[in-house]
Protein chains: 2
Amino acid sequence: MAVTDEAIEKIKGMIVSGALRPGDRLPKESELAAELGLSRNSLREAVRALSLIRILDVRQGDGTYVTSLDPQLLLEALSFVVDFHRDDTVLEFLAVRRILEPAATALACPRISDAELDRLQAQLDALGPEPSVEELVACDLEFHRGIVQSSGNSVLRSLLDGLSGPTTRARVWRGLTEEDAVSRTLHEHRAILAALRDRDAEAARSWATVHIASVEQWLRSTP
Amino acid sequence: MAVTDEAIEKIKGMIVSGALRPGDRLPKESELAAELGLSRNSLREAVRALSLIRILDVRQGDGTYVTSLDPQLLLEALSFVVDFHRDDTVLEFLAVRRILEPAATALACPRISDAELDRLQAQLDALGPEPSVEELVACDLEFHRGIVQSSGNSVLRSLLDGLSGPTTRARVWRGLTEEDAVSRTLHEHRAILAALRDRDAEAARSWATVHIASVEQWLRSTP
DNA sequence: CCGGACCAGACATCCGACGTATCGGCCCCA
DNA sequence: TGGGGCCGATACGTCGGATGTCTGGTCCGG
């Protein structure tokens with residue numbers, strides 16, 4: 001195995017074993033390189049790789065630190081990876097969202113605060129009559145994120161965040177600019193909010209399912 | 001932004017835009033470095049980072065290639081990331097599995113082949129009366145993987161694979177060595193198989209839920 | 001006491017050289 | 001002529017050192 005890969009494994013080992021804990025500072029590059037028995041250049045490759053997936057946080061002029069290792073932070077890397085997927089797998093991603101999102105909505109039902117419901121409602125109302133694709137994407141993202149956030153499961157939240165990042169959503173909405181599709185989707189958003197307000201978990205779950213399924217069906221019918 | 005990060009973005013852009021397609025070979029390091037306007041060392045850091053998450057595949061003496069970009073391959077990186085999570089989030093991961101796994105089992109119900117069912121059955125039967133933790137983990141992993149594989153959704157498959165990798169599962173099973181917990185879990189495996197054989201999706205889904213919930217409950221009751 | 005200049009430390013980037021694995025063509029030997 | 005091994009070209013792997021740039025803390029003057 002290459003020395004760089006060894007270094008990645010060793011650093012991973014130090015973190016997993018607890019020798020390095022979240023927030024800890026690593027020895028400076030030259031020392032760590034000597035310690036692991038490789039050159040500073042090769043070590044930098046390892047550090048850079050771990051930095052890309054948010055395991056390490058390097059600050060020029062300061063030092064290299066272990067991140068908080070929060071699920072949110074780590075799964076954020078998922079978003080980066082998802083961006084590489086080709087359009088032909090968007091339906092598979094949507095199918096997974098169709099599983100997770102209703103469940104998340106049901107989980108959020110008894111937990112979401114009235115203030116948050118008000119905020120989401122206001123956000124829907126703020127959308128003008130002729131929204132741009134960018135506005136739709138941002139609104140859609142914020143709406144679902146707000147609900148999932150209230151599910152109380154940070155792994156679930158990060159996963160859905162990553163799976164339906166800006167790229168994926170933009171792909172979907174780009175195809176949804178037809179008038180009726182947009183208005184129907186926004187209507188479904190309102191229905192989900194109403195069910196949450198009634199604390200009716202089963203209705204909220206069903207509306208979430210219907211919402212995703214309708215998007216799915218729309219995508220399937222238009223090549 | 002650092003030149004290396006720029007390089008990562010540029011290479012990502014080349015792939016997402018279609019200029020580089022799966023299987024394509026990149027220009028050699030020195031050329032690509034000149035093209036992107038940075039040194040070979042810095043470029044190597046970018047390539048190494050993208051290689052860690054399976055976007056690129058570097059072969060010494062040959063060249064650097066874009067991977068197949070299959071969902072399976074890309075989400076495989078998820079497993080690496082998940083390994084870093086601390087034990088206190090294992091319940092959140094399990095909660096997500098509890099959502100995904102029953103759905104995957106239901107999806108697999110009409111699709112899984114008799115041959116695959118036989119294979120999984122044989123594997124369960126092959127487990128001795130005093131299995132080691134390693135054997136239990138391997139068996140558990142293969143059982144669920146076999147079912148999820150038959151769901152027909154490669155994103156779902158990869159996601160569950162990544163979420164419940166060896167590390168996570170080992171953590172769970174390490175706490176499950178008590179006699180009755182093991183036998184009960186294995187019994188649930190058999191029940192899931194039986195439901196699949198009957199092509200009873202609702203029963204299969206419920207057994208899968210019960211299966212995960214019981215593990216969850218067990219973990220929750222033992223600090 | 002406060003603010004700005006200064007300085008040491010640590011990461012960022014680059015260069016050039018050498019090691020090593022791979023591939024493919026050339027040559028030799030049946 | 002067909003096959004197999006040798007060998008060099010090619011490209012990644014690793015290294016050491018030099019220099020730039022940024023950050024944080026210290027020290028001094030107002």
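The chains referred to below are lettered A, B, ... by the order of the sequence lines, with proteins before strands, and numbering in each begins at 1. Values reported hereafter were calculated over all heavy atoms of this structure, with side chains retained and with hydrogens, waters and symmetry mates removed. Just so it is clear, the structure is predicted and the values come from calculations on it, not from any experiment.
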Phosphate oxygens OP1/OP2 of C/dA10: is one of them under 4.0 Å from a side-chain N or O of A/Ser30? no
Whole-Å distance, B/Leu43 CG to C/dC15 P, equals 13 Å
Remember a base hit wins even if backbone is also touched, and classify B/Arg59 as base, sugar-phosphate or nothing at under 4.0 Å, heavy atoms. sugar-phosphate
If you count heavy atoms of other groups shown closer than 6.0 angstrom to CZ of A/Arg59, is the number above 12? yes
Using whole Å, what does the distance between atom P of nucleotide C/dG19 and atom CD of B/Gln60 come to? 14 Å
Comparing A/Asp62 and A/Arg40 on DNA chain D - which has the more 5′ nearest nucleotide: A/Arg40
Take B/Glu116 and B/Arg111 through the test salt bridge (Lys or Arg N to Asp or Glu O under 4.0 Å) and record every step on the way to the result. CA-CA 10 Å; B/Glu116 179 71 3; B/Arg111 302 183 82 261; over 6 Å; no
Between CZ of A/Arg48 and P of C/dC14 the distance, given in whole Å, is 11 Å
Reckon B/Thr4 touches a base, only the sugar-phosphate, or nothing at all at heavy-atom distances under 4.0 Å? sugar-phosphate
Answer with base, sugar-phosphate or nothing: what part of the nucleic acid does A/Thr64 contact at a heavy-atom distance below 4.0 Å? sugar-phosphate
Chain A reaches DNA chain D, atoms under 4.0 Å from its heavy atoms, from D/dT14 to D/dT23
If I take atom CZ from residue A/Arg54 and atom CG from residue A/Leu75, how far apart are they, to the nearest 0.5 angstrom? 11.5 Å
Distance, rounded to the nearest Å, where A/Leu56 contributes CG and C/dA12 contributes P: 12 Å
Please check if any side-chain donor atom of B/Ser158 sits under 3.5 Å from a side-chain acceptor atom of B/Glu76, or the reverse. no
Would you call the rings of B/His189 and B/His144 parallel, tilted or perpendicular, taking 30° and 60° as the class edges? perpendicular
What is the separation between atom CD on A/Glu29 and atom P on C/dC14, rounded to the nearest whole Å? 15 Å
Touch class at under 4.0 angstrom, heavy-atom based, for B/Asn41 against every strand present: base
What is the separation between atom CG on A/Asp57 and atom P on C/dA12, rounded to the nearest whole Å? 10 Å
Using 30° and 60° as the class boundaries, would you call the ring planes of B/His85 and B/Phe93 parallel, tilted or perpendicular? perpendicular
Identify whether the distance between the nearest side-chain nitrogen and carboxylate oxygen of A/Glu45 and A/Arg40 falls below 4.0 Å. no
Would you kindly compare B/Lys28 and A/Gly37 by the position of their nearest DNA chain D nucleotide and give the one closer to the 5′ end? B/Lys28
